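This report refers to the structure that appears directly beneath it.
Chain naming here is simple, since letters A, B, ... match the order of the sequence lines and numbering starts at 1 in each. This one's a predicted model, so the numbers in the text were calculated from it and none came from an experiment. Computed over heavy atoms, backbone and side chain alike; hydrogens, waters and symmetry mates excluded.
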Amino acid sequence: MRQSQLFTKTRKEAPKDEVSKNAQLLIRAGYVYKEMAGVYVYLPLGLRVLNKVIAIIRDEMNGIGGQEIVLSALQQKETWEPTNQWSDKEVDVWFKTELKNGTELGLAVTHEAALTKMMKDFISSYRHLPSYAYQFQTKFRNETRAKSGIMRCREFIMKDLYSFSKDQAEHDMFYEKAKQAYVRIFKRIGLGDQTYVTFASGGMFSKFSHEFQTVTDAGEDVIYVSEKKGIAINKEVLTPELLIELGIDKEDLIEKKAVEVGNIFNLATRFSSALDLTYVNESGEKVPVVMGSYGIGPGRVMGAVVECLSDEKGIVWPESIAPFQVHLISLGKEGSVATKKAEELYKTFTDTGVEVLFDDRDVRPGEKFADSDLIGIPMRLVISDKTCAEGKVEVKYRKTGEVLFIEDSKILSVIKK
RNA sequence: CGGGGUAUAGUGUAACGGCUAGCAUUCGUGCUUUGGGAGCAUGCGAUCUGGGUUCGAAUCCCAGUACCCCGACCA
């Protein structure tokens with residue numbers, strides 16, 4: 001993509017009412033636009049990152065047998081009444097609306113009830129289980145206080161997978177597989193080092209759930225990390241008994257602030273019982289399906305990456321989710337050798353499938369460099385009269401600052417696809 | 001939902017109750033310039049909304065709205 005065609009532009013200063021680092025940088029660099037508190041628009045650059053995060057999650061969900069669907073954002077009152085969750089007392093983050101005829105509707109806070117209800121049409125025998133469905137869908141939550149930029153929103157995309165198993169043993173096996181898939185997701189996204197599988201409150205159906213907590217001061221949760229074990233415990237469930245059970249010394253725990261980027265938990269038969277999702281087992285008995293829920297917020301993940309990996313100059317994207325692989329910067333004047341070469345290189349990249357943002361704007365070098373640092377694409381290539389004279393291209397890595405001069409003919413070989 | 005704060009061009013800011021609401025940046029135009037947000041000239045662009053006090057309100061008071069922060073909440 002040509003930067004001259006990109007309708008967004010960078011800013012030197014962030015809006016004064018954005019305090020969080022993620023929102024400041026994402027707005028300054030032109031990734032997101034704030035529509036209102038807790039509601040952000042994803043701009044061309046931001047959508048590319050979001051889609052890459054989504055692609056990684058999708059790949060891992062498909063890898064454990066997930067089947068992608070899209071449920072509706074508008075939900076019926078009847079869907080939530082069996083579990084008593086239509087009540088504003090039970091679920092206090094509802095956005096509700098109604099049809100012209102007065103029928104009450106809700107904007108989806110989450111989807112377990114809707115999917116459970118739907119699955120009644122498809123699950124009736126043990127032969128139909130286990131089954132796993134997931135989606136990327138917009139959730140609406142009427143938070144009393146949106147905060148932390150794109151990390152706590154009133155409208156946000158969430159990946160939610162729901163598992164349908166014959167019994168607890170089958171559920172437990174999948175639960176473990178899903179946990180490992182989550183570990184891989186955060187590793188691939190570039191947050192592996194600072195993200196911990198965290199023991200958290202399991203609600204009323206199991207002792208614990210597992211949260212994936214990314215350590216950052218921008219987070220709202222307090223966790224206790226055991227570096228030795230590579231796991232963490234949410235403050236809300238930390239007890240001496242648990243430490244014994246996990247074989248952790250209290251001295252090994254370090255208190256840290258963290259943001260919950262994923263959560264997986266056992267739903268047991270809460271929804272299947274309430275909504276009558278049952279199947280007939282081999283003995284001919286009708287029994288409720290055992291369910292699990294597995295969530296990740298791609299937008300929140302994106303915010304966490306910015307919080308964790310940016311520096312004083314701007315964002316530093318991991319290669320796996322950067323909006324582009326390469327930031328090609330031409331410093332040549334119109335009609336110069338450098339400009340011609342940059343154009344040729346741009347064509348080579350686009351022809352060979354290299355994702356490239358081409359800064360072909362007629363602005364001064366300093367501005368291009370500053371923008372490049374702010375936008376945070378992992379590899380920067382500079383073409384100037386100087387580099388052309390040597391038959392080379394300057395390569396600079398955003399993360400390390402390392403600079404290389406590569407011969408023209410070898411450029412494609414240093415770019416990872 | 002409780003508490004606190006803020007509201008002036010696209011953005012960041014200044015202005016004792018009193019002069020044509022100033023500065024920077026952005027944006028437009030022209031010239032110049034081209035390896036870390038250059039320079040000169042010139043132009044466009046603002047007091048959140050509604051009441052009140054006052055001879056006079058960006059400034060004081062009340063209400064509303066929006067946003068931010070702390071806490072609660074996050075099924």
Side-chain angles (χ1 to χ4, degrees), chain A residues 7-20 23-24 27-30 33-40 80 83-94 106 108-113 139-149 151-154 156 158 160 200-205 209 211 218-221 234 236 259-260 263 265 267 270-271 274 293 295 297 300 312-314 329-336 338-339 342 359 361-375 380-390 393-394 396 398 401 403 405:
Chain A
F7 70 77
T8 60
K9 60 189 177 87
T10 59
R11 301 183 186 182
K12 286 184 187 175
E13 288 166 306
K16 66 168 179 291
D17 55 10
E18 285 291 359
V19 175
S20 70
Q24 287 193 348
I27 289 171
R28 282 187 52 211
Y33 165 82
K34 184 184 204 164
E35 167 66 22
M36 64 180 100
V39 179
Y40 290 83
W80 289 100
T83 47
N84 195 33
Q85 288 175 294
W86 182 253
S87 150
D88 289 328
K89 279 183 189 146
E90 281 300 311
V91 176
D92 64 359
V93 291
W94 274 116
V109 167
T110 179
H111 286 85
E112 42 268 60
K139 309 290 189 215
F140 298 92
R141 296 188 185 180
N142 202 344
E143 298 276 359
T144 48
R145 186 181 167 204
K147 56 187 265 195
S148 306
M151 303 220 295
R152 181 162 172 172
C153 292
R154 297 199 167 96
F156 59 97
M158 185 161 174
D160 42 338
S201 165
M204 50 192 112
F205 316 108
S209 71
E211 291 173 344
E220 297 181 56
D221 294 346
N234 194 307
E236 63 193 13
V259 59
E260 180 192 331
N263 187 200
F265 50 98
L267 293 172
R270 180 181 186 198
F271 288 90
S293 166
R300 182 179 278 191
E312 65 288 342
K313 288 180 178 173
I329 294 180
S330 169
L331 297 186
K333 289 180 198 163
E334 201 181 327
S336 70
T339 298
D359 194 347
R361 299 173 301 165
D362 182 25
V363 299
R364 294 174 61 87
E367 190 175 341
K368 293 191 177 192
F369 294 145
D371 280 347
S372 182
D373 288 339
L374 179 61
I375 291 169
R380 187 183 85 184
L381 299 187
V382 177
I383 312 293
S384 67
D385 292 338
K386 203 169 87 184
T387 63
C388 285
E390 298 175 23
V393 173
E394 178 191 301
K396 183 169 183 180
R398 178 67 181 85
V403 178
F405 288 89

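The distance between atom CG of A:Leu381 and atom P of B:rG35, rounded to the nearest whole Å, is 19 Å. For the pair A:Glu18 CD and B:rA66 P, the computed distance is 17 Å after rounding to whole Å. Summarising the geometry, the separation between CG on A:Asp92 and C1' on B:rC1 is reported as 9 Å, rounded to the nearest angstrom. Between the P atom of B:rC67 and the CD atom of A:Glu35 lies a distance of 10 Å, rounded to the nearest Å. Taking atom NZ of A:Lys147 as the reference point, atom P of B:rC67 lies 16 Å away to the nearest angstrom. Atom P of nucleotide B:rU26 and atom CZ of A:Arg28 are separated by 13 Å, given to the nearest angstrom. In this structure, the CG atom of A:Asp362 is 13 Å from the P atom of B:rC31, given to the nearest Å.
OP1 or OP2 of B:rG37 has not a single side-chain nitrogen or oxygen of A:Arg364 nearer than 4.0 Å.
With hydrogens and angles ignored, no donor-acceptor pair under 3.5 angstrom links the side chain of A:Thr83 to the base of B:rA75. Judged by distance alone, with hydrogens and angles left aside, A:Arg145 brings no side-chain donor or acceptor close enough to the base of B:rG4 to form a pair under 3.5 Å.
Positionally, the nearest nucleotide of RNA chain B for A:Lys333 lies more toward the 5' end than for the other of A:Lys333 and A:Glu367.
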What does nucleotides 8-15 of chain B look like as a protein-contact string, B for base, S for sugar-phosphate only, - for none, at under 4.0 angstrom between heavy atoms?
S--SSS--
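Residues satisfying the side chain to side chain contact (heavy atoms under 4.5 Å, CB included) criterion with A:Lys12, sequence neighbours excluded, are absent altogether. The side chain to side chain contact (heavy atoms under 4.5 Å, CB included) check on A:Val403 picks up A:Glu394, A:Lys396, A:Phe405, with sequence neighbours excluded. By the side chain to side chain contact (heavy atoms under 4.5 Å, CB included) test, A:Ala146 is found to be paired with A:Arg154, residues two or more places apart in sequence or in another chain being considered. With sequence neighbours excluded, the residues forming a ring pair (Phe, Tyr, Trp, His ring centres under 6.0 Å) with A:Trp86 are A:Trp94, listed by chain and number.
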Show me the protein contacts with nucleotides 40-43 of chain B, counting only N or O atoms at under 3.5 Å.
none

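Comparing B:rU8 with B:rC68, their P atoms sit 14 Å apart, to the nearest whole Å. Separation of the P atoms belonging to B:rG45 and B:rA7 is 24 Å when rounded to the nearest angstrom. Rounded to whole Å, the separation between the P atoms of B:rG37 and B:rU26 comes to 13 Å.
A:Glu220 comes within 4.0 angstrom of a nucleotide base, judged by non-hydrogen atoms across all strands.
Nucleotide B:rA58: unpaired (no Watson-Crick or G-U wobble partner with both distances less than 3.5 Å). For B:rA9, there is no paired nucleotide, since no Watson-Crick or G-U wobble pair has both relevant distances below 3.5 Å.
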